[in-house]
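Step one of this worksheet: look at the structure below.
Naming: A, B, ... by sequence-line order, numbering from 1 per chain. Both backbone and side-chain heavy atoms feed into the values below; hydrogens, waters and symmetry mates do not.
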Number of protein chains: 2
Amino acid sequence: MTRVVKKPEVRRADIVEAARDLFGANGFEGTTMHDLMRELNVAKGTIYHYFKSKEELLEAVINNIADESIKRMEFIVDETTGDALTKIRALVSAGRVADNNQDLMQQLHRSTNAGMHARLLAVVLQQQAALYAKLFQQGHDEGLFQLAAPPLETAEFILTSIQFLTDEGIFPWTGETLLRRAQAFPSLVEKQLGARPGSFDFLFPRM
Amino acid sequence: MTRVVKKPEVRRADIVEAARDLFGANGFEGTTMHDLMRELNVAKGTIYHYFKSKEELLEAVINNIADESIKRMEFIVDETTGDALTKIRALVSAGRVADNNQDLMQQLHRSTNAGMHARLLAVVLQQQAALYAKLFQQGHDEGLFQLAAPPLETAEFILTSIQFLTDEGIFPWTGETLLRRAQAFPSLVEKQLGARPGSFDFLFPRM
DNA sequence: CAATGATTGACCGACGGTCGGTCGAGAGGT
DNA sequence: ACCTCTCGACCGACCGTCGGTCAATCATTG
């Protein structure tokens with residue numbers, strides 16, 4: 001095979017990108033290193049030159065997705081002007097990881113990928129919590145919220161529940177269950193934040 | 001090998017029990033079907049006679065653990081007399097899945113087992129939520145709580161956060177992080193339930 | 001042109017899973 | 001009580017696949 005030499009950073013990025021696509025299309029366990037080397041037109045050893053195991057490659061893919069997600073969210077917060085509630089609203093509507101990773105999410109819904117999924121959730125969550133914490137603090141300062149606990153812990157608390165309970169990846173919730181929960185979220189969040197009733201109605205947009 | 005015939009239920013239970021032990025000791029991926037057949041003194045085909053895949057066996061193990069857990073908790077609720085807060089306190093102190101599955105939990109702390117772990121959490125959670133929902137309702141009726149949403153959704157919301165955020169299995173939180181969160185839980189829960197400040201101090205017992 | 005290190009691909013051992021076949025036990029006939 | 005006959009629990013050699021290894025090879029750089 002014709003030998004192609006690339007700069008290490010480039011090759012590394014190529015591998016992560018291809019892995020991300022394949023994991024998204026076929027799942028982690030459903031993707032073989034052979035699939036990956038064929039996709040990349042690269043020998044197996046090359047991949048193992050950059051990642052010492054498939055597991056480590058998964059780690060890199062997860063961080064890649066998470067980093068992209070958090071950057072997008074930070075950008076949204078920065079470009080949005082207004083009070084905390086306005087910023088939160090903008091963030092929520094654009095913040096679903098699912099939207100920009102449609103096929104990935106579809107794969108994550110297979111229970112075999114629960115591991116990959118849970119780990120991705122955990123990383124994304126920690127990053128998002130820091131972001132929301134700032135907004136909660138702002139809202140508190142603006143008199144919109146009455147927090148009972150530090151902003152970061154409050155953000156972690158709320159985000160964790162919403163992510164896990166709305167995510168069909170780890171456990172296949174039924175449609176009714178999801179609806180039932182979605183309807184309860186506004187009240188739950190308002191209560192937790194001490195926000196005005198109705199201020200989080202946007203969490204469950206009736207159509 | 002000497003052939004031993006058992007009643008199907010017995011053999012099935014034996015397999016689940018042994019699998020539970022081995023998964024607990026070495027993790028799901030760290031346990032081979034060969035290990036299992038050696039432990040059971042049984043041929044590989046026998047295991048596959050009862051479970052069509054390793055994956056399906058995992059499912060059975062998870063349900064086995066979850067069932068045992070929920071039965072213990074239901075028993076505790078039944079034998080405890082008093083108001084909702086008293087029952088909740090009893091439940092929490094005995095309800096940690098970790099306590100009665102020490103080595104299992106230790107294994108779950110390996111990120112390779114995130115899948116097994118997340119799925120177990122999901123099942124246990126759904127069962128526990130139903131139980132706590134009853135107590136939240138009782139507390140509401142007794143005037144101890146002021147719920148902002150239906151009891152079941154409230155229970156799911158709270159339990160999910162606490163389980164996920166205190167569990168080191170999926171993402172290895174640091175000790176400080178765990179402490180920081182534990183300190184915030186009482187306030188967060190009280191706020192969510194509309195309970196008297198201090199009534200959930202038992203969630204974070206200072207030593 | 002030598003040194004470096006990126007790249008190759010044949011090779012390996014372990015693993016999950018299959019399948020043709022064996023054998024014990026209970027049902028039903030005599 | 002004894003003998004079949006049938007069912008399905010049980011066996012284990014075998015298979016294909018997969019993650020991972022490594023010595024050789026080749027492009028690039030100084």
Side-chain angles (χ1 to χ4, degrees), chain A residues 1-23 25-62 107 110-116 119, chain B residues 1-23 25-62 107 110-116 119:
Chain A
M1 192 183 183
T2 55
R3 203 184 188 92
V4 179
V5 179
K6 293 192 179 184
K7 281 190 157 181
E9 320 93 81
V10 176
R11 178 70 74 187
R12 199 187 164 85
D14 284 351
I15 295 174
V16 171
E17 187 191 329
R20 181 173 162 174
D21 287 348
L22 287 182
F23 290 173
N26 311 317
F28 177 64
E29 314 240 316
T31 302
T32 69
M33 295 310 264
H34 187 78
D35 292 340
L36 192 55
M37 55 171 271
R38 271 186 60 242
E39 179 75 20
L40 285 162
N41 285 318
V42 134
K44 208 179 228 181
T46 304
I47 300 175
Y48 278 90
H49 181 70
Y50 291 93
F51 301 93
K52 78 173 202 291
S53 68
K54 194 187 180 189
E55 195 62 33
E56 191 179 294
L57 179 55
L58 173 60
E59 204 86 8
V61 168
I62 286 174
Q107 256 311 312
R110 301 184 55 92
S111 72
T112 316
N113 289 329
M116 173 178 169
R119 286 159 70 178
Chain B
M1 192 189 189
T2 56
R3 200 187 188 92
V4 179
V5 179
K6 294 192 182 184
K7 281 190 156 180
E9 318 95 80
V10 176
R11 175 71 14 118
R12 199 187 164 84
D14 284 351
I15 295 173
V16 171
E17 186 191 329
R20 182 174 161 173
D21 287 349
L22 287 181
F23 291 172
N26 311 317
F28 177 65
E29 316 240 315
T31 302
T32 70
M33 294 310 261
H34 187 78
D35 292 340
L36 193 54
M37 56 172 269
R38 270 186 62 244
E39 178 75 19
L40 285 163
N41 284 318
V42 135
K44 206 179 229 181
T46 303
I47 300 176
Y48 279 91
H49 182 70
Y50 290 94
F51 301 93
K52 76 174 206 289
S53 67
K54 193 185 182 189
E55 195 63 33
E56 192 180 293
L57 179 55
L58 173 60
E59 203 86 9
V61 168
I62 287 175
Q107 256 310 313
R110 301 183 56 90
S111 71
T112 316
N113 289 330
M116 173 179 170
R119 287 160 69 180

Looking at NZ of Lys44(A) and NE2 of His34(A), how far apart are the two atoms once the value is rounded to the nearest 0.5 Å? 8.0 Å
Minimum-distance pair of heavy atoms, taken over all atoms of Leu22(A) and Thr31(A): O-OG1, 3.2 Å
So how far is it from Glu59(B) CD to Ile62(B) CD1, rounded to the nearest 0.5 Å? 6.0 Å
Mind calculating the distance between CD (Glu56(A)) and P (dG19(D)) to the nearest angstrom? 15 Å
Residues which pass salt bridge (charged side-chain N to carboxylate O under 4.0 Å, His left out) with Glu56(B), listed by chain and number, not counting sequence neighbours: Lys52(B)
Residue set satisfying salt bridge (charged side-chain N to carboxylate O under 4.0 Å, His left out) with Asp35(A), at least two apart, ordered chain then number -> none
CZ on Phe51(B) to CG on Leu58(B), rounded to 0.5 Å: 11.0 Å
Hey, could you give me the CD/CE distance between Glu29(A) and Met116(A), rounded to the nearest 0.5 Å? 10.5 Å
Spacing of Tyr48(B) atom OH relative to dA9(D) atom C1', expressed in whole Å: 17 Å
Just the atom pairs and distances: protein N or O near nucleotides 25-30 of chain D's N or O, under 3.5 Å.
| unit_1 | atom_1 | unit_2 | atom_2 | d |
| --- | --- | --- | --- | --- |
| dT25(D) | O2 | Arg3(A) | NH2 | 2.6 |

Any heavy-atom pair between the side chains of Phe28(B) and Glu55(B) that's under 4.5 Å? yes
Here the distance between atom P of dG19(D) and atom CG of Leu57(A), to the nearest Å, is 11 Å
To the nearest 0.5 angstrom, please state how far the CG atom of Asn41(A) sits from the OG1 atom of Thr46(A). 11.0 Å
Would you please confirm or rule out a distance under 4.0 Å between OP1 or OP2 of dT8(C) and any side-chain N or O of Thr46(A)? yes
Under 4.0 Å from any atom of DNA chain C, heavy atoms only: list the residues of residues 7-18 of chain A that qualify, in numerical order. Arg11(A)
OP1 or OP2 of dA9(D) less than 4.0 angstrom from a side-chain nitrogen or oxygen of His49(B), does that happen here? yes
State the NZ-OG1 distance between Lys54(A) and Thr32(A), to the nearest 0.5 angstrom. 7.0 Å
Can you tell me which residue pairs pass the side chain to side chain donor-acceptor pair (under 3.5 Å) test with a partner in residues 5-18 of chain B, sequence neighbours excluded? Lys6(B)-Asp14(B)
Roughly, in whole Å, what's the span from CZ in Phe28(A) to C1' in dC18(D)? 12 Å
When every nucleotide of nucleotides 10-15 of chain C is labelled 5' to 3' by its protein contacts under 4.0 Å (heavy atoms), B for base, S for sugar-phosphate only, - for none, what sequence of letters results? -----S
Would you indicate what Phe51(A) reaches in the nucleic acid, counting non-hydrogen atoms under 4.0 angstrom: base, sugar-phosphate, or nothing? nothing
What is the distance from CE of Met37(B) to P of dG17(C), rounded to the nearest Å? 15 Å
For Tyr50(A) and dT7(C), is the shortest distance between a side-chain N/O and OP1 or OP2 below 4.0 Å? yes
